[in-house]
J.: 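There's a structure below that I have some questions on.
Since this is a predicted model, take the numbers as computed values, not measurements. Proteins get letters first, then strands, A, B, ... in listed order; numbering begins at 1 in each.
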Protein chains: 2
Amino acid sequence: MNSSVKQAMADLPLHPFSPFAIELPTYVANTLSAPVLVSIFAAGCAVVFLVTYGIVQRTRPTMSGGDLAVALWFALCGCIHLFFEGYFSYNAFDMASKTDIFGQLWKEYALSDSRYMSQDAFTVCMETVTAVLWGPMSFACVYFIIADHPLRHPFQLIISLGQLYGDILYYAICTFQEVVFDVVYCRPERFYFWAYYFLCNFFWIVIPLWLIWQSASETARAFAKVKAASAGKKTQ
Amino acid sequence: MNSSVKQAMADLPLHPFSPFAIELPTYVANTLSAPVLVSIFAAGCAVVFLVTYGIVQRTRPTMSGGDLAVALWFALCGCIHLFFEGYFSYNAFDMASKTDIFGQLWKEYALSDSRYMSQDAFTVCMETVTAVLWGPMSFACVYFIIADHPLRHPFQLIISLGQLYGDILYYAICTFQEVVFDVVYCRPERFYFWAYYFLCNFFWIVIPLWLIWQSASETARAFAKVKAASAGKKTQ
């Protein structure tokens, strides 16, 4: 190998993200393996579920299984949006150098979507809205569910639609870039595409769709009852 | 001027959009002037308002002024989303060559935002969601308002949040591209920035915010009434 080829290879940006041509001069490799990182994330989710379950059992032990599941979901969403996605939003311009737990988790995830490393405009803006709006509102929604508050369904509807729309645009823009401009943000191994990019985000398609349906139906039922009651009064 | 400079200038893409370096080989100049195009658009809005007003007067003449205003708004949104933005979504890959009314209107607007000419991934995806989902849902909402249907507020909330979130991302991404990457999609004249880019989209910030507030309050009030009625029954 001659020296100019060696030099050219030494100048290549050494990072594992796709497309390999993106330049990440501050990139630092992860020290934790993928199974360790995924286990830490799962353990974090389990802690959030357990703490929320404990709070619900103390404050409203009669809560239905369905409402409990929705409260657990929004507690998890609140933590992920505010802390994990908030971390990304705050550090968006220097993600590739981060080596703390959240930094390593984002670098592992970015193997399936390098937009998290490259200050992609849509990703930063969407994640910032998610962290700043849907994060705190998710915690408020947990409180509204526990308190059986009249604002529960407006909040559930707003957060869920925000998550769903953000996720639809997230998938759509990534697909558009690949189909139209031949830009692929995911590494070639299919594992990253299906396990990280597709599966991790698909939860925020299916569950919000279900919660939007539930909130819209419950709200329509409440308005129908109010209308029936007011019609009943008029005919009395 | 030597021949190579002449040749380089002749090869420049001749279009009025910013950044001037974007290549639009199929660009055809508008034949209608800006005042004519704006007048046609305003006349179209007036026709939508008049037809909707006529329908409301025939079907529910007792409707309150507030509900009438919201019905007129959603009728206009339905037409703009489904037909005007639907036109963009359908023709996104060949907007620069379009010379019909909608094509000329979009080319006039794109003087303030060239993403509508350049197959920008976010713009195409967001406009497609707007046309396909918020368009038809806006017409359904007009019907729900006229019919005093229990689904009016869920629909009003969903459409308004969709419009608001899309618009926030629209402004945010454009600002991000300018601040971070120094890419300016608006022509240098301040008129285009303020009259087209800022003002035309600002309606979809202020009005949806107000309608989200209204729907969330009305919904909370309905749930509070249902809860109070059920508590009243239990104590009887």
J.: Where along residues 192-217 of chain B does a heavy atom come under 4.5 Å of chain A, listed by residue number?
T.: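 Answer by number: B:I212, B:A216.
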J.: Look up atom CG in B:D120 and atom CZ in A:F176, then write down how far apart they are to the nearest 0.5 Å.
T.: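 Between atom CG of B:D120 and atom CZ of A:F176 there are 7.5 Å.
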J.: Rounded to the nearest 0.5 Å, what's the gap from CZ on A:F223 to NZ on B:K225? Could you check?
T.: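 With rounding to 0.5 Å, CZ (A:F223) is 9.0 Å from NZ (B:K225).
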J.: Of all heavy-atom pairs between A:A121 and B:I173, which one has the smallest distance, and what is that distance?
T.: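 The answer is CB-CG2, 3.8 Å.
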J.: At what distance, to the nearest 0.5 angstrom, does SG of B:C125 lie from CD of A:Q177?
T.: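 Rounded to the nearest 0.5 Å, the SG-CD separation comes to 8.5 Å.
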J.: Among B:T219, B:L169, B:V226, B:T175, who wins on heavy-atom pairs under 4.5 Å with chain A?
T.: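 Result: the option with the highest number of such pairs is B:T219.
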J.: Any residues in residues 146-168 of chain B near chain A, with a heavy-atom distance under 4.5 Å, and which are they?
T.: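 Residues in range: B:A147, B:D148, B:P150, B:L151, B:H153, B:P154, B:L157, B:I158, B:L161, B:G162, B:Y165, B:G166, B:I168.
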J.: Highest number of heavy-atom pairs under 4.5 Å with chain B: which of A:E218, A:K227, A:R221?
T.: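 Ranked by contacts with chain B, first place is A:K227.
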J.: Does anything in residues 73-88 of chain B reach chain A? List residues with heavy atoms under 4.5 Å apart, or say none.
T.: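 Those residues of residues 73-88 of chain B which would need a heavy atom under 4.5 Å from chain A do not exist here.
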J.: Which residues in residues 127-145 of chain B have any heavy atom closer than 4.5 Å to a heavy atom of chain A?
T.: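 The stretch touches chain A at B:V129, B:T130, B:W134.
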J.: Any chance CG of A:D182 has more than 12 other-residue heavy atoms, nucleotides or ligands included, within less than 6.0 Å?
T.: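 Atom CG in A:D182 is not packed in, count stays at 12 or less.
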J.: In terms of heavy-atom contacts, does CZ of A:R58 have more than 12 from other residues, nucleotides or ligands at under 6.0 Å?
T.: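 No, the 6.0 Å shell around CZ holds no more than 12 heavy atoms from other groups.
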